[in-house]
A.B. asks: 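Quick one: the structure is below, and I'll ask about it shortly.
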Amino acid sequence: MEHLSRRRFLKISTATFGAGAIGAHIPAVTSFAMGSKPASGKVEKIPTYCEMCFWKCGGIAHVRDGKLWKFEGNPLDPMSRGRLCPRGTGAVGTHYDPDRLQKPLIRRGERGKEEWTAVTWDEAFNHIAEKMKKIAAEHGPESIALWKHGTGARFFEHVMRAYGCINKAAPSFAQCRGPRDIGNLLTYGTGLGSPEPTDIANTKCLVLIGTHLGENMHNTQVQEFAQAVENKATIIVVDPRHSVAASKAKHWLPIKPGTDLALILAWMNVLVTEGLYDKAFVAKYGHGFDKFAEAIRTNTPEWAEAETGIAAATIRATAREMANHRPATLVHPGRRTNWNGDDTQRSRATALLNALLGNWGRRGGLFLQAGMSVAGYGFPKFPAAGKPKVDNPDGRWPFADEEVSTGLREATITGKPYPIKGWVVYATNLLQTLPSEKETLEAISKLDLLVVVDTHPSEIAGYADVVLPDAMFLERHDDLYVAWGRQGWAALRQPVVAPPADQKPAWWMAKQLGERLGVGEFMPFKDMDEYLAKRCEKSGIDYAKLREEGIVMGKKTPITVEEGAELVFDTPSGKVEFWSDRLAKAGFDPVPKYTPPEAAPAGFYRLITGRSPVHTFSRTQTNPLLRDLMKENELWVNAATAAAAGLKNGQYVKLKNQDGVVSNRIRVKATQRIRPDTLYMVYGFGHTNKMLRSAYLMGASAAQLNTRYKVDPLMGGTSIHQNFVTFEKEA
Ligand SMILES: Nc1nc2c(c(=O)[nH]1)N[C@H]1C(S)=C(S)[C@@H](COP(=O)(O)OP(=O)(O)OC[C@H]3O[C@@H](n4cnc5c(=O)[nH]c(N)nc54)[C@H](O)[C@@H]3O)O[C@H]1N2
Ligand SMILES: Nc1nc2c(c(=O)[nH]1)N[C@H]1C(S)=C(S)[C@@H](COP(=O)(O)OP(=O)(O)OC[C@H]3O[C@@H](n4cnc5c(=O)[nH]c(N)nc54)[C@H](O)[C@@H]3O)O[C@H]1N2
Ligand code: SF4
Ligand SMILES: [Mo]
């Protein structure tokens, strides 16, 4: 198999996306020689999977003279296909980042004042275990909750569950893909998960609603997007902003934010009234189609034009174009879908649009995911839960199938149905991640114990009682990644270098904590080699080979109708639910209905957010390699809006939101590439923890301005595009 170098990848992406798009942001760097001079020395190549984000691409680390030199794609891996995105390559910078946490810390003085005593690991664990036992004795172990994001949380969750902690939450549901997964679940009987089963490589018509591929750097999707462009697939992009993806599109629909559901309904109206939908698919697999067709009868393109600002003729033309290419037309289901508060219904509408195009289980549409089964280690049984979980009391959000983060936060604030007195936070910067910083701080004020396990002195770490410095992913073992995709596979995470200071791997911390909590028997293995070797042995996987290659593939099975797969829908009707009896019964619209978004107050603009191709959320701003590529975020302002406000391109400005919250300063990017009524910035900047020396107050924090949010009544998703801002010019 060809070893594609980083330079080649950059050449590919630059060629495909063109200058001015992502190519302009990404210099051609073949190696990041931060450890040692790449001139001589013994090079070891060790495979492991990346966790600079949650796409989990397989990579190969090059270690020269014992020092981390570079990280490249693993050609055997279906996610990376031998190429990493800039953040993956930049993982080397996280290893060497001088702003990383070095030692366990215990708070001195007031919470949030950031005065610490460096302690030994023993002292840290003894302190935590003592506090946890006290909370458990007074309130029960259920009163200690876990916040988590990412693979490293695996054994913390395990040990805490063994101790009787049942409350947990991750931002990947209510703040991210939850609405999309529930919208699809209600329609097809299955959520989509990660990675999404989108056959972008083979599509003839790709529709992106938001979903800014090329800035959203989910590696495989970006590579496949480049393939689709090369294949001359029709690209339709719906975005208030001329995104990188929009620059590749035949049709860019600069929609008024918050009105996408009107557009999707109108597209479906055209497909139905003009008889362009997949009639055979609907007849065989559709449930309640006639009632659905009746429900969207008045959602004409002319009606939608007034809502969305997209001309009726354009809506018709794009709907017809989608129909022309079906079933190889793919309306991307999106990922971060928490926009407006009706997001599950909007995602369901997207699912129904895909159903009208008949692309379920079809080449160029949504393929059927294949998995691989890998045996567990075999642990003792967890104790039975004595109380219900607190995050979704009485099923307030009837269709939530994962924990609702803001529900856990609210329970911590109210102490109902029972008090939550401890939080263990693993790899989620709650102050940047959850909307309403104020509510997060209020919840923290109720705690007797806040433990933060992080690689960096994040904002949430600044409020901790105890901070535990994690090894970064290149320095630790984690559990196997058992993945779903075109073919199932399992990938190995193994350490390639030692942590630079006194950081320790997450699994080791969990084991230490478990022993002190008296549940040591739940981690009966000496180390991760023993654990992983046993899982592999039980599954017939050659562990030695896995350590060499980093990945083992599962069996190939048919994933499309073209390959002979059969379609089965796990819904109450056993069919694709154009009309949902479940929703009707629960008092919701059985077919999605549109409500217009709130108008901006005079002089205010709607604030929307997205991703930088070279950063992940709020976690990479101090990474010396990635900071070099982008050290602060910019505020996208329409050139006319900027001129009217007397703002010049490149000047700094502060933003004030509808609740009077003022941001840190941010540089104006005056551009034609955004609607005049909308402002845009990437999320994750504007750090306020002084210990993040190189990122402190660089750019503005979108999260800080997200004081208002709407909650999706179906599943508890928190929608953050509800905030309006105005300019505060710098003195
Ligand atoms: N480089 C990089 N890549 C990442 C990540 C990262 O941190 N860095 N994070 C990953 C994760 S976890 C996720 S969830 C995804 C998120 O990435 P996506 O799922 O692509 O996120 P979206 O919010 O859909 O996309 C943001 C885009 O939506 C547009 N937009 C905003 N409001 C509206 C609207 O009302 N209507 C329409 N049609 N468009 C709108 C914005 O202008 C922007 O272009 O990215 C993933 N990829
Ligand atoms: N305003 C706004 N809010 C959003 C979004 C948005 O677009 N705008 N996007 C939402 C989405 S889609 C998502 S998925 C979430 C993401 O939410 P989070 O995953 O919480 O994102 P981060 O803010 O990067 O917080 C990650 C924290 O983990 C730490 N960390 C990184 N690697 C490691 C590690 O290996 N071990 C440990 N222990 N810690 C580590 C980082 O230093 C950082 O403090 O945010 C959501 N919130
Ligand atoms: S998409 Fe990039 S950052 Fe995410 S896992 Fe893949 S290489 Fe790493
Ligand atoms: Mo996300």
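Remember, it's 1-based here, ligands and their atoms both numbered in the order they're listed. Keep in mind the model is a prediction, meaning the values are calculated, not measured. When a residue number appears, it is its place in the shown sequence, counting from 1.
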A.B. asks: Run the numbers for me: atoms of ligand 2, each under 4.0 Å from some heavy atom of Q432, listed by number.
C.D. replies: 3 (N)

A.B. asks: Look at ligand 2 and say whether E459 reaches it with a heavy atom at a distance under 4.0 Å.
C.D. replies: no

A.B. asks: Does atom NZ (K669) have a neighbourhood of more than 12 heavy atoms from anything else shown, all under 6.0 Å?
C.D. replies: yes

A.B. asks: Counting only heavy atoms, which portion of D470 has something under 4.0 Å from ligand 2: side chain, backbone, both, or neither?
C.D. replies: side chain

A.B. asks: Any idea which part of T455 is under 4.0 Å from ligand 2, heavy-atom wise: side chain, backbone, both or neither?
C.D. replies: both

A.B. asks: For the pair R336 and E215, find out whether any cationic side-chain nitrogen is under 4.0 Å from an anionic carboxylate oxygen.
C.D. replies: no

A.B. asks: Based purely on interatomic distance, does V453 place a nitrogen or oxygen under 3.5 Å from a nitrogen or oxygen of ligand 2?
C.D. replies: yes

A.B. asks: Do Q494 and Y49 have a side chain donor and acceptor closer than 3.5 Å?
C.D. replies: no

A.B. asks: Which word best sums up how the rings of F685 and H615 line up, parallel for under 30°, tilted for 30 to 60°, or perpendicular for over 60°?
C.D. replies: perpendicular

A.B. asks: Between K710 and D712, does any NZ, NE, NH1 or NH2 come within less than 4.0 Å of an OD or OE carboxylate oxygen?
C.D. replies: no

A.B. asks: Could you tell me whether R476 approaches ligand 2 through its side chain, its backbone, both or neither, with non-hydrogen atoms closer than 4.0 Å?
C.D. replies: side chain

A.B. asks: Taking T406 for its side chain and R409 for its backbone only, find out whether a donor-acceptor pair lies under 3.5 Å.
C.D. replies: no

A.B. asks: Hey, are R493 and E51 close enough for a salt bridge, meaning a charged N less than 4.0 Å from a carboxylate O?
C.D. replies: yes

A.B. asks: Kindly tell me which protein residues have any non-hydrogen atom under 4.0 angstrom away from an atom of ligand 1, grouped by chain and ordered by number?
C.D. replies: R87, C176, I209, G210, T211, H212, E215, N216, M217, H218, V238, D239, P240, R241, I255, P257, G258, D260, R335, R336, W339, I608, T609, R611, S612, P613, H615, T616, F617, Y680, H721

A.B. asks: Tell me whether R346 is salt-bridged to D260, with the criterion being a basic N under 4.0 Å from an acidic carboxylate O.
C.D. replies: no

A.B. asks: Under 4.0 Å from any heavy atom of S458, which atoms of ligand 2 are there?
C.D. replies: 44 (O)

A.B. asks: Is the positively charged end of R241 above the ring of W636, judged by distance under 6.0 angstrom from the centroid and angle within 45° of the axis?
C.D. replies: yes

